[in-house]
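See below for the structure under consideration.
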2 protein chains.
Amino acid sequence: MTVLILTREEDVTADMVVVHLNATGVPVVRLDPADLTDGVSLSGEFVHGTFRGHLSAGGRLVSIGGLRSVWVRRPGVPAARAATPSAWLTEEASQALYGMLRGCDARWMNHPDAARRARHKPWQLRLAQRCGLPVPATLITTFPQAAREFAERYPDLVVKPVSGAHPQDPPRAVPTSRVAPDTDFSAVAFGPTLLQRRVAKKADIRLTAVGERLLAARKAVAEDAHPDEVDVRFARDDAPWRPVEVPPRLASAVRAYLRDAELAYGAFDFAEDGDGMWWFLECNQSGQFGFVEVDTGQPIAHSVAGWLARPGPSAAAVPHQRRRRGGALSADQ
Amino acid sequence: MTVLILTREEDVTADMVVVHLNATGVPVVRLDPADLTDGVSLSGEFVHGTFRGHLSAGGRLVSIGGLRSVWVRRPGVPAARAATPSAWLTEEASQALYGMLRGCDARWMNHPDAARRARHKPWQLRLAQRCGLPVPATLITTFPQAAREFAERYPDLVVKPVSGAHPQDPPRAVPTSRVAPDTDFSAVAFGPTLLQRRVAKKADIRLTAVGERLLAARKAVAEDAHPDEVDVRFARDDAPWRPVEVPPRLASAVRAYLRDAELAYGAFDFAEDGDGMWWFLECNQSGQFGFVEVDTGQPIAHSVAGWLARPGPSAAAVPHQRRRRGGALSADQ
């Protein structure tokens with residue numbers, strides 16, 4: 001059984017995982033959907049109630065029924081590098097590739113539907129609440145008056161995008177910023193705005209979840225850090241990430257989140273306050289982990305490889321591929 | 001509890017359903033996400049482990065927690081009609097609106113994730129096979145040689161798009177066409193191609209499923225029809241749609257399909273052959289039903305209204321909103 005990795009050609013993180021997979025002797029096929037139909041080919045036949053499908057990449061042929069797992073890492077836009085690219089060809093190639101893969105029994109890291117759903121920040125906050133993770137008071141609104149009242153109750157606020165990154169090419173991260181006390185919220189009417197109580201944080205926590213395995217890292221906030229430095233992605237890089245134990249009750253809540261979100265991989269960001277409480281900020285289902293592994297030496301790539309290499313499909317991990325075994329109405333042909 | 005309908009302003013099908021809903025006295029809010037943030041407003045607050053959200057449209061305010069159902073009919077692109085539209089505003093508005101709605105307990109017709117998945121033709125074919133629906137032999141391929149071999153086994157073929165409609169604005173339906181006997185399949189290498197055994201059909205069947213209710217209609221093929229006329233959407237409109245009974249075993253298979261696909265609504269197209277067998281062609285999760293209702297008098301709009309008006313959220317219908325009741329780690333704020 002083969003591991004299928006969907007990603008771009010240049011992907012150091014995938015390279016790290018492939019090294020571990022190769023060491024286990026598990027067959028790996030790596031391809032970029034952007035190379036459909038020039039370098040990557042596909043074929044699937046639905047005959048007599050059965051499906052037989054194949055993918056070909058780099059001169060290797062792999063059976064879709066023989067996939068043990070699919071890692072949706074950083075796939076390119078289907079057929080983007082075809083000789084004559086078009087929106088129509090991309091749509092056809094996307095439906096053909098993912099439509100066939102969706103019908104197979106492989107385990108997914110992560111399934112496209114779960115990945116898509118998991119990107120919705122309001123949904124994340126609600127799920128985190130329901131799983132018992134501490135969530136800083138948050139408002140998402142287009143009502144200026146609601147923003148003003150929220151700012152009265154929580155005078156120390158940050159503002160961040162509702163969605164992840166600005167959709168330019170390449171996408172641009174929009175920093176989380178502190179809200180000035182005298183802010184005029186009138187402009188809230190022109191676009192949904194996410195306001196969140198600022199956590200007076202002592203450290204940033206990155207918790208990387210790979211299946212059941214949780215690996216947390218902590219980056220202390222500099223003693224002299226200004227309270228306006230709220231976004232770790234844009235902070236001065238003075239402290240390294242250090243491994244940290246995950247509190248058991250928090251681990252249970254995180255596992256509940258992953259189970260409900262149907263995610264095999266998630267990168268959680270928390271803010272640790274003065275009491276040592278970890279406040280949920282977000283869970284990025286495709287978050288990078290290379291920088292944490294480099295700093296901490298935590299075996300994240302090894303864990304990903306281990307999850308992908310696990311034998312056979314797991315019914316629990318493929319809720320979207322539940323198989324029906326009802327009798328056929330007739331032998332179809 | 002309110003019914004929320006997401007659709008464009010001009011939508012005769014939605015109008016039909018609203019008439020029935022109004023007759024039941026169930027509150028209805030209808031809005032187009034394109035009118036965010038000019039005409040439609042939203043606000044959601046995540047505080048102390050709970051969520052309180054509201055939508056405002058046409059001067060009416062509705063609580064997101066008070067929604068009994070959401071009908072995703074023909075919604076516009078979020079914020080498309082804003083004063084200063086942009087890809088960024090659309091992304092923010094989309095995440096805010098659907099992110100909040102995804103966290104609520106309303107029943108969906110259809111849930112966005114289920115709808116998205118259900119559009120994949122290869123996935124449809126595989127699910128239909130698994131549910132025991134007869135599926136005509138089908139090949140989806142970029143290998144010319146695979147196409148040639150398939151054409152030798154099944155000399156009478158049609159070709160159709162892998163995806164639904166051509167992504168122009170407005171989208172254009174691409175007709176299913178018969179494959180000539182002497183076809184050269186070399187061009188298959190440049191784009192995935194769907195070839196399917198032609199069913200020598202006596203009638204087209206449109207089966208509209210609304211929850212558990214199945215309403216089927218039959219349109220006989222004209223006696224003098226040429227075998228090249230394979231696509232009912234482009235056929236001469238001589239025969240009307242007539243109500244027809246759904247064979248019980250086929251009804252079971254269709255219900256299994258809907259259950260596995262997590263769809264509350266689906267428009268199934270079948271081709272009836274000379275033996276009276278219904279061959280599965282596709283299931284359109286957002287298929288129109290007005291033309292069938294007009295021809296047959298079947299109460300489809302009434303059924304949709306009935307499904308939407310049903311009291312209270314049904315856990316079975318909202319698999320993506322499973323609620324966790326675990327103890328909170330702490331009272332968050």
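Scope of the values below: all heavy atoms of this structure, side chains included, with no hydrogens, waters or symmetry mates. Within every chain, numbering begins at 1; the chains are lettered A, B, ... in the order of the sequence lines, protein sequences first and strands thereafter.
- T142(B) places none of its side-chain heavy atoms less than 4.5 Å from the side chain of S43(A).
- Between the CZ atom in F51(A) and the OG1 atom in T138(B) there is a gap of 11.0 Å [rounded to 0.5 Å].
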* Please test D113(B) against R119(A) for salt bridge (Lys or Arg N to Asp or Glu O under 4.0 Å), starting from the C-alpha separation and ending with a verdict. => CA-CA 12 Å; D113(B) 295 326; R119(A) 279 193 282 270; over 6 Å; no
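- A93(B) touches chain A through backbone and side chain together, each having a heavy atom under 4.5 Å away.
- Considering only heavy-atom pairs separated by less than 4.5 Å from chain B, the leading option among R116(A), M100(A), R52(A), H54(A) is R116(A).
- Using a 4.5 Å heavy-atom threshold, the side chains of V47(B) and F150(A) count as touching.
- The heavy-atom pair separating P192(B) from A96(A) by the smallest distance is CB-CB, 3.7 Å.
- With hydrogens and angles ignored, the 3.5 Å screen pairs a side-chain donor or acceptor of T37(B) with a backbone N or O of A189(A).
- Residues R130(A) and D105(B) are paired through a salt bridge, judged by an N-O separation under 4.0 Å between the basic side chain and the carboxylate.
- Between L89(A) and F190(B), the shortest heavy-atom contact is CD1-O, 3.6 Å.
- Note that NZ of K121(A) and CD of Q95(B) are 8.5 Å apart. Values are rounded to the nearest 0.5 Å.
- Residue pairs meeting the salt bridge (charged side-chain N to carboxylate O under 4.0 Å, His left out) criterion with at least one partner in residues 143-153 of chain B, sequence neighbours excluded, are E45(A)-R153(B).
- Residue with the most contacts toward chain B among G191(A), A146(A), S86(A), A79(A): G191(A) (heavy-atom pairs, distance under 4.5 Å).
- When Y98(A), F280(A), F143(A) are compared by the number of non-hydrogen pairs under 4.5 Å with chain B, F143(A) comes out ahead.
- Here the closest non-hydrogen pair linking G103(A) and W123(B) is N-CD1, 4.1 Å.
- For the 3.5 Å distance criterion, the side chains of S163(B) and E92(A) qualify, holding a donor opposite an acceptor.
- When heavy atoms are compared at a cutoff of 4.5 Å, L42(B) approaches chain A by way of both its backbone and its side chain.
- Distance check: F46(A) CZ to R126(B) CZ gives 8.0 Å after rounding to the nearest 0.5 Å.
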